[in-house]
Amino acid sequence: MFEITADALDPARLVAAVGRDESGAIALFYGVVRNENMGRNVRYLEYDVYPEMAIKKMRQVAEEVHATYAITGIGVLHRVGRLEIGETSLLVAVSSAHRAAAFEACHFAVDRIKQIVPIWKKEVWDDGEEWIEGHRPDVPPRTSA
Amino acid sequence: MFEITADALDPARLVAAVGRDESGAIALFYGVVRNENMGRNVRYLEYDVYPEMAIKKMRQVAEEVHATYAITGIGVLHRVGRLEIGETSLLVAVSSAHRAAAFEACHFAVDRIKQIVPIWKKEVWDDGEEWIEGHRPDVPPRTSA
Amino acid sequence: MITANVRLFAGLHQLIGERDLEMQLPEGATIEQLRNKLGEEYPLVQAFLPTLVCAVGEEYVPGEHVLHDGDHVALIPPVSGG
Amino acid sequence: MITANVRLFAGLHQLIGERDLEMQLPEGATIEQLRNKLGEEYPLVQAFLPTLVCAVGEEYVPGEHVLHDGDHVALIPPVSGG
């Protein structure tokens, strides 16, 4: 399950989607809008997204995780639009037979999502706003034209 | 929030309890009953608990985590009694400003819970059953009488 | 003599069929003495003793720990929660 | 001449006020040429160019990538999801 939505995210639905009978552990990550960043008071966030490519890159992250860790399932939900303090922007769930793989794979997946999925956040403060520049995605060397 | 219960666990309630306005990340771990262990087909699990001490030891784990990681909240729910395949036996939620601390602290908390909290599981197979012997808790050196 | 209130869990509870036992011990008895007496009175328990830890007042205690009249002693086999 | 359909996001979208632009480029033009032309036609974009990455067909591509008529080119500033 890989989805981009403007609505509130449903963790129960995602967890149900990644669980298998052989899953003994599920690690679920919540990215949450917090009230402060770099010493500035955040009022709310606004997310922009390139939806088709974001879904494609989420799937690429999932393939990378499957290739690296012994997991039984993975899913990602990302919310876009305006989000208030305390609301959940990102959910990543990973199931595995054992807990170490679930934790490590989930952490890796969140890191990779922040590196390559085309989503952007704007912080809105009391006295201004800024689109946050996070990671510049790696570009493959010369491709066939 | 630290609870032992015979009822189904509610992750949403636990996540709400550990989140603060300054929490940017929440790691939530699900321990789930899986259908196989050590090559044996598991039908269901039966959990026993020393409730008062289990709560006390969960609180000790939380103190250890607070002393080691920069977290904003932690909570633990453990289910006991009979649990079927796919049901959740353990929920551990950790909130933090940043994701690395949330993941590492949650993983550490799960490991410690399995080492020192007086809870036991019995596996019931098609052809028998066994109380699982996991970790022998560390005993402090000589205490005052 | 003192009385210790002994609580059993998991395999021990199932084996002995009781959640709680009362044991009489001499004044100044230690956890180690309680363990030895337990093995004598309940030979079935002997297989558990090498890995068994005891808790008094909801804290794990070593064998030298001295018991008092009315103490609650929990017999804790290796734990397997999660 | 070929036409590239350019899509803008985040700060670029807000700055230029459009989600989509059409750009005319010579036959055989590369991403690098598109970037240069973008900087000439929209001087406001110049500050973004050093960290901007381009995607064609929903894949990141290098500056040498050759464009074809009708290609969809997404201008991707450093991402900050999560």
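Naming: A, B, ... by sequence-line order, numbering from 1 per chain. Hydrogens, waters and symmetry mates play no part in the numbers below; they use all other heavy atoms, side chains included.
Of all heavy-atom pairs between Ala109(B) and Ile74(B), the closest is CB-CD1, 4.0 Å.
Side-chain contact between Arg136(B) and Val53(C) is present, with at least one heavy-atom pair separated by less than 4.5 Å. In this structure the side chain of Asp48(B) reaches within 4.5 angstrom of the side chain of His13(C), judged on heavy atoms. Taking 4.5 Å as the limit, every side-chain heavy atom of Glu129(B) sits out of range of all side-chain heavy atoms of Glu46(B).
Counting only residues at least two apart or on different chains, the salt bridge (Lys or Arg N to Asp or Glu O under 4.0 Å) pairs with a member in residues 83-93 of chain B are Arg79(B)-Glu87(B), Arg82(B)-Glu84(B). Listed by first and then second residue, the side-chain hydrogen bond (donor to acceptor under 3.5 Å, both in side chains) pairs that reach into residues 97-107 of chain B are Asp111(A)-Arg99(B), sequence neighbours excluded.
Between the side chain of Ser96(B) and the backbone N or O of Ala25(B) there is no donor-acceptor pair closer than 3.5 Å. For the pair Thr88(B) (side chain) and Tyr30(B) (backbone), a donor-acceptor distance under 3.5 Å is absent. Under the 3.5 Å distance criterion, the side-chain polar atoms of Ser23(B) are left unmatched by any main-chain donor or acceptor of Thr72(B). With Gln46(C) contributing its side chain and Gly39(C) its backbone, the two residues share a donor-acceptor pair below 3.5 Å.
Rounding to the nearest 0.5 angstrom, the gap separating the CG atom in Asn37(B) from the CD atom in Glu130(B) is 9.5 Å.
Heavy atoms closer than 4.5 Å to chain C are found in both the backbone and the side chain of Tyr50(B). Using a 4.5 Å cut-off between heavy atoms, Gln14(C) touches chain B through its side chain atoms alone. Heavy atoms of Lys114(B) lying under 4.5 Å from chain C belong to its backbone as well as its side chain. Interface remark: Val49(B) contributes backbone atoms only to the contact with chain C (heavy atom separation under 4.5 Å). For chain B, the nearby part of Leu52(C) is the backbone; its heavy atoms alone come within less than 4.5 Å. For a residue to count as touching a neighbouring chain, one of its non-hydrogen atoms must lie under 4.5 Å from one of that chain's; by this rule Lys121(B) touches chain C with backbone and side chain alike. Using a 4.5 Å cut-off between heavy atoms, Val117(B) contacts chain C through its backbone alone, with no side-chain atom that close.
When the shell of 6.0 Å around CG of Asp126(B) is examined, it contains more than 12 heavy atoms from other residues, nucleotides or ligands.
The aromatic rings of Phe9(C) and Trp120(B) lie parallel to each other, with less than 30° between the two planes, well short of the 60° mark.
Of all residues spanning residues 69-82 of chain C, those with a heavy atom less than 4.5 Å away from chain B's heavy atoms are Ala74(C), Ile76(C), Pro77(C), Pro78(C), Val79(C), Ser80(C), Gly81(C), Gly82(C), arranged by number. Residues of residues 15-38 of chain C that come within less than 4.5 angstrom of chain B, heavy atom to heavy atom, are Arg19(C) in numerical order.
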